[in-house]
Amino acid sequence: MFAAERRQLILEMVRANGAVSLRELARVVQTSEVTVRRDVRALEAEGLLDRRHGGAVLPGGFTRESGFPQKSHLATAEKTAIADLAAGLVEEGEAIVVGAGTTTQELARRLARIPGLTVVTNSLLVAQALAHANRVEVVMTGGTLRGSNYALVGSGAEQSLQGLRVSRAFLSGSGLTAERGLSTSNMLSASVDRALVQAAAEVVVLADHTKLGSDTMFQTVPTDLITRLVTDEPPGHDDRAATELQALADQGVQIAVAGAGSGPAPAEALPPGRQTRRDMPLPGQRRTRGGGPGGPGPQPLRSAAVLAEQGQGDRARVADLRRR
């Protein structure tokens, strides 16, 4: 197949699906991922699509949202590492809310191993991952099923969350910037996510590096309400993601960086000159908006390994108090 034919087929696949992984593109056009990556780079230069880590998407993220089948094949290793690290924030017996998304679905699979949890969710995929978990109670919102991401949305979902109070909300989205915070491409999903945020004492955003610096149509969580960001290590050439991480840290968001495919990685993995602060407060500490008098202000963060060790210490102290 000539290069022009390959690129036309790649364009047709992306336009039909919204997002396609490099692996799938290489399979369909019967060539290597290296060649496909070169084709995608050329098409991006012409403004015909946007590159994402591990795939390609339609240009202009403000208007089109990818469906679950496409999202599930993008940045899978990164989402797994993020979920591993985020699960370390959750303690036995805790009550949390978990929003819809492919990354939160990965988190739910790990939460199934933590006994005594109560998990409130509007995601059928999250509920399915926890359906057979021992001693985990799952509470579903009401609402109307949105088939593209298997989530319950609408006034029924929002009303069922009124009066709810939990310790943490774990949310994902389509884009994350220091200027606007977390955003998504769908109005109904954004409205339910905002209701989930109102129910939680702190907000943990799960976003792989491909979403850093991307801004989509509907804001869900402004930056000053994001307590923590759990993300993966940006590639050395991804200046946009590294710059956005630094800007988020400067605004007081506590950041934990997980190494894709190899477990937790320290914040030092960011490119030189782009280092974030490396100490993270204990889980449960709430930062005040904007810092200033009466509040601790922006908090530094610790590496993922320190965070995991700290979480184990917290559980030991809780167990000791219960024995007393």
Side-chain angles (χ1 to χ4, degrees), residues 1-82 101-103 105-106 147-149 172-177 183-186 206-217 231-245 257-262 265 269-274:
M1 189 180 295
F2 293 110
E5 294 175 308
R6 281 199 318 270
R7 292 172 186 177
Q8 181 61 36
L9 183 55
I10 289 170
L11 265 183
E12 290 173 0
M13 289 183 63
V14 173
R15 286 169 179 168
N17 296 284
V20 187
S21 68
L22 291 178
R23 181 180 302 173
E24 180 65 13
L25 290 172
R27 185 187 67 80
V28 172
V29 301
Q30 298 183 345
T31 187
S32 68
E33 289 188 32
V34 173
T35 300
V36 167
R37 187 177 291 108
R38 187 164 55 244
D39 289 337
V40 167
R41 189 178 295 114
L43 291 168
E44 183 184 45
E46 297 177 36
L48 298 174
L49 50 72
D50 288 341
R51 282 186 299 160
R52 291 290 183 271
H53 182 71
V57 301
L58 284 174
F62 286 95
T63 57
R64 175 73 179 266
E65 180 185 29
S66 304
F68 171 79
Q70 291 77 43
K71 289 181 179 179
S72 63
H73 293 297
L74 292 175
T76 54
E78 290 84 347
K79 292 172 184 176
T80 298
I82 289 168
T102 52
T103 311
Q105 180 189 24
E106 287 296 324
S148 62
N149 65 345
S172 187
S174 302
L176 177 64
T177 66
S183 62
T184 188
S185 303
N186 182 265
L206 312 181
D208 64 79
H209 73 269
T210 66
K211 298 176 182 177
L212 297 175
S214 296
D215 196 7
T216 51
M217 189 174 292
T231 188
D232 64 291
E233 176 189 343
H237 58 79
D238 194 344
D239 289 337
R240 181 178 72 166
T243 299
E244 208 65 51
L245 271 182
V257 180
S262 57
L270 292 176
R274 301 287 190 187

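Values below: all heavy atoms of this structure, side chains included; hydrogens, waters and symmetry mates excluded.
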Would you say CZ of R23 has more than 12 non-hydrogen atoms from neighbouring residues, nucleotides or ligands within 6.0 angstrom? no

Is the closest side-chain donor-acceptor distance between T184 and N186 under 3.5 Å? no

Report the distance from atom CG of L43 to atom CG of L49, rounding to the nearest 0.5 Å. 5.0 Å

When you compare the side chains of T231 and K211, does any donor N or O come within less than 3.5 Å of an acceptor on the partner? no

Between the CG atom in L48 and the CD atom in Q8, the distance rounded to the nearest 0.5 Å is 9.0 Å

Report the residues that fulfil side-chain hydrogen bond (donor to acceptor under 3.5 Å, both in side chains) with E106, sequence neighbours left out, ordered by chain and then residue number. R109, R110

Exactly one of L22, V28, L25 should register a side-chain contact (heavy atoms from CB on, under 4.5 Å) with I10. Which one does? L25

For T103 and S172, which heavy atoms make the closest approach, and how far apart are they? OG1-OG, 4.1 Å

Taking side-chain contact (heavy atoms from CB on, under 4.5 Å) as the definition, give me every residue that meets it alongside R27, ordered by chain and number, with sequence neighbours left out. E24

Of all heavy-atom pairs between A207 and L176, which one has the smallest distance, and what is that distance? CB-CD2, 4.3 Å

With S183, which residues qualify under side-chain contact (heavy atoms from CB on, under 4.5 Å), at least two apart? R180, D215, T216

For Q30, all residues meeting side-chain contact (heavy atoms from CB on, under 4.5 Å), sequence neighbours excluded: none

Atom of S174, atom of S185 and distance for their closest heavy-atom approach: OG-N, 3.8 Å

Distance from L212 atom CG to D232 atom CG, nearest 0.5 Å? 7.5 Å

Do the side chains of D39 and R7 get close enough for a salt bridge, i.e. N-O under 4.0 angstrom? yes

Does T31 have any side-chain contact (heavy atoms from CB on, under 4.5 Å) partners at least two apart in sequence or in another chain, and if so, which? R6, V29, T35, V36

For R240 and T210, which heavy atoms make the closest approach, and how far apart are they? NH2-O, 4.1 Å

Between CD of E244 and OG of S214, what distance do you get to the nearest 0.5 Å? 9.0 Å

Not counting sequence neighbours, which residues clear salt bridge (charged side-chain N to carboxylate O under 4.0 Å, His left out) with E33? List them please. none

